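Down below is the structure, laid out as structure tokens.
In this text, all values refer to a predicted model and were calculated from it rather than measured experimentally. For this chain, numbers begin at 1 and follow the sequence in order. Read the numbers this way: they start at 1 and go in the same order the structure lists the ligands and their atoms.
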Amino acid sequence: MIEMHDVYKKYPNGVMAVSGLNIKINQGEFVYIVGPSGAGKSTFIKLVYREEKPTAGTITVNGVNLSKIKNKRIPYFRRQIGVVFQDFKLLPTLTVYENVAFALEVIEQDPPAIRKRVMEVLGQVGLTNKARMLPSELSGGEQQRVSIARSIVNMPKVVIADEPTGNLDPETSWDIMKILEDINVTGTTVVMATHNREIVNASKHRVIAIEDGKVVRDEQQGGYGYED
Ligand SMILES: Nc1ncnc2c1ncn2[C@@H]1O[C@H](COP(=O)(O)OP(=O)(O)OP(=O)(O)O)[C@@H](O)[C@H]1O
Ligand SMILES: [Mg+2]
């Protein structure tokens, strides 16, 4: 599903954020990416959805070689990947319903089909009754649920999340994890960068630890392993 081969990323300011990554993530896996601040976790995530280009190396996502992808194909490629951020990134002037519908790839879908799909995913994240509200009228956890609904509306094979619980209290964080676990159980690959030790230690999945842009640990059913 995601394959990186000798991937390096040097930012224009000279910082080498990722330094020789070799990672293979298979369809259906749930993977935590852990590591200290500045280790390169977000850079890894950005490389996967082609927000950043590697300085060297090969990245293949969902069968697409990202070195060869044409610029005009990038929006199409991104719609095949669900992305969830710490700060939700919802469009503030659109309702919950509209935020999700906006992300839906509308190819040969009639309006009733669009409505059905949007309401389906809002049901999946427990927000059917908030469809007409604006993001500013929702709690942080609810906003994150909208952003997860948006990320899965096109039925992506992989959802990548960069600290999705970073802005949420512990209880709300568990609700978000339950939704991500449910998504994974249906066969969707989930890759999540996190600093949340309790979550990583409680729901055992593969853990890839990155330090200084390199993989220092890769364990099935691993633990968080840091004291920070
Ligand atoms: N756009 C950028 N331009 C220059 N340097 C950057 C940029 N983004 C990140 N960096 C640098 O690259 C390194 C890795 O950053 P990255 O954001 O990937 O770390 P991270 O593991 O996600 O950290 P955190 O846990 O704090 O989110 C850091 O040294 C950071 O300062
Ligand atoms: Mg980060």
Answer yes if a protein heavy atom lies under 4.0 Å from atom 27 (O) of ligand 1, otherwise answer no. yes

Relative to the heavy atoms of Ala17, which atoms of ligand 1 are at a distance of less than 4.0 Å? 12 (O), 13 (C), 14 (C)

Residue selection (non-hydrogen contact nearest atom 21 (O) of ligand 1) among Glu163, Lys46, Glu51, Lys41: Lys41

Check whether any heavy atom of Pro12 sits under 4.0 Å from an atom of ligand 1. no

Ligand 1 to Glu52 polar contact by distance, N or O atoms, under 3.5 Å: no

State whether Lys41 and Asp162 are salt-bridged, where the test is any N-O pair (Lys NZ or Arg NE/NH1/NH2 against Asp/Glu carboxylate O) under 4.0 Å. no

Looking only at heavy atoms, is any part of Val15 under 4.0 Å from ligand 1, and if so is it the side chain, the backbone, or both, or is it neither? side chain

Contact (N/O only, under 3.5 Å) between Gly38 and ligand 1: yes

Within ligand 1, which atoms have a heavy atom of Pro36 less than 4.0 Å away? 21 (O)

Give the numbers and elements of all ligand 1 atoms closer than 4.0 Å to a heavy atom of His195. 24 (P), 25 (O)

Would you mind listing which atoms of ligand 1 come within a distance below 4.0 Å of any non-hydrogen atom of Asn13? 4 (C), 5 (N)

The criterion is side-chain hydrogen bond (donor to acceptor under 3.5 Å, both in side chains); which residues satisfy it with Gln143, sequence neighbours excluded? none

Would you call Lys178 and Glu181 a salt bridge, using N to O less than 4.0 angstrom? no

Report whether any nitrogen, oxygen or sulfur of Thr43 sits less than 2.8 Å from the Mg ion (ligand 2) (N, O or S, backbone or side chain). no

Any N or O of Ala39 closer than 3.5 Å to N or O of ligand 1: yes

Pairs under 3.5 angstrom only: tabulate donor-acceptor contacts from the side chains of residues 47-59 to other protein residues two or more places apart or in another chain.
from: Glu52; atom 1: OE1; to: Lys9; atom 2: NZ; distance (Å): 3.4
from: Thr55; atom 1: OG1; to: Lys10; atom 2: N; distance (Å): 2.7

I'd like to know whether ligand 1 has Gly35 as a neighbour, heavy-atom separation below 4.0 Å. no

Atoms of ligand 1 less than 4.0 Å from Ser42 heavy atoms? 17 (O), 18 (O), 20 (P), 22 (O), 27 (O)

